[in-house]
Amino acid sequence: MSAILFGSISTIADTSELQRRAFNEAFAAHGLDWNWTRADYISMLGSNGGANRVADYAKSKGADVDAAAVHATKSEIFQKLVGEAGLTPRPGVVETLAAAKKSDVKVGFVTTTSADNISALLDSLGPDVSKESFDIIVDSSSVSEPKPDAASYTFALDKLSENAADCVAIEDNEGGVAAASAAGVTCIAFPNENTAEGDFSAAVESVDALDSGRVTALAGV
């Protein structure tokens, strides 16, 4: 058997700028005079974990901030924005899901974001992409270590009873590619609009649209 593993929300629909907007609105809600420009945000995307980004930024500013609380507010705002944005799946996503189903290839959604963020995204994209599109959905409650740790992929492979060598991951950022690679999973880089200049040398290739035939071939079909 084999599996195709989508590695983050923005491999399904590009939400990167909505994420940045949500951070800035959360800062305002907490009385912080911070504003992350696009250039600021891009410079932070080499690692995963929004709360960690807030904590690191606060430290750089010498500010005493409850990073977890700010990030919780950001998540609430992000979920609202996702519901209002009229998002559509990224190029090739729907076709890749259909090809996987036709070929009896398992599909996973392997993230370390919250279950609420995932639900907001999938609710906005249904019926083209829904919870039923995936054989497993991994979220932040599934593992204790975020990407670039391999834990989320190891968890998914175990639950799917699949070998890493028989699977292909699709990731949009450097940390995600590192996580898939650490788990021994071949990875396609599918950068979003804010990660396009990242270092994806660990991926087998970098694309701006998914080719369902190529993805399933890498999954051994």
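Worth knowing before you read on, the calculation uses all heavy atoms, side chains too, and leaves out hydrogens, waters and symmetry mates.
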Side-chain donor or acceptor of Ser60 paired with backbone N/O of Tyr57 under 3.5 Å: yes

Arg53 side chain vs Met44 backbone, donor-acceptor pair below 3.5 Å: yes

Donor-acceptor contact below 3.5 Å, side chain Asn163 vs main chain Ala165: no

CD/Glu197: more than 12 non-hydrogen atoms of other groups inside 6.0 Å: no

Side-chain (Lys106) to main-chain (Leu160) donor-acceptor, under 3.5 angstrom: yes

Donor-acceptor under 3.5 Å (Asp135 side chain, Val107 main chain): yes

Between Asp199 and Ser201, a side-chain donor and acceptor under 3.5 Å: yes

Aromatic plane relationship, Trp36 with Phe23 - under 30° parallel, 30 to 60° tilted, over 60° perpendicular: tilted

Arg90 side chain vs Phe190 backbone, donor-acceptor pair below 3.5 Å: yes

Polar side chain donor-acceptor pair, Ser119 to Asp116, under 3.5 angstrom: no

Short side-chain donor-acceptor distance under 3.5 Å, Asp172 and Thr195: no

Full working for salt bridge (charged side-chain N to carboxylate O under 4.0 Å, His left out) between Arg38 and Glu193: CA-CA 10 Å; Arg38 189 176 179 197; Glu193 64 176 316; 3.8 Å; yes

Any donor-acceptor N or O pair under 3.5 Å, side chains Thr15, Ser10: yes

Side-chain (Ser103) to main-chain (Ala100) donor-acceptor, under 3.5 angstrom: no

Ser2 side chain vs Cys167 backbone, donor-acceptor pair below 3.5 Å: no

Pair Lys101 + Glu132: basic N to acidic O under 4.0 Å: no

Residue list, ring pair (Phe, Tyr, Trp, His ring centres under 6.0 Å) with Phe134, at least two apart or on another chain: Phe109

Contact list for residues 61-73, test side chain to side chain donor-acceptor pair (under 3.5 Å), sequence neighbours left out: His30-Thr73

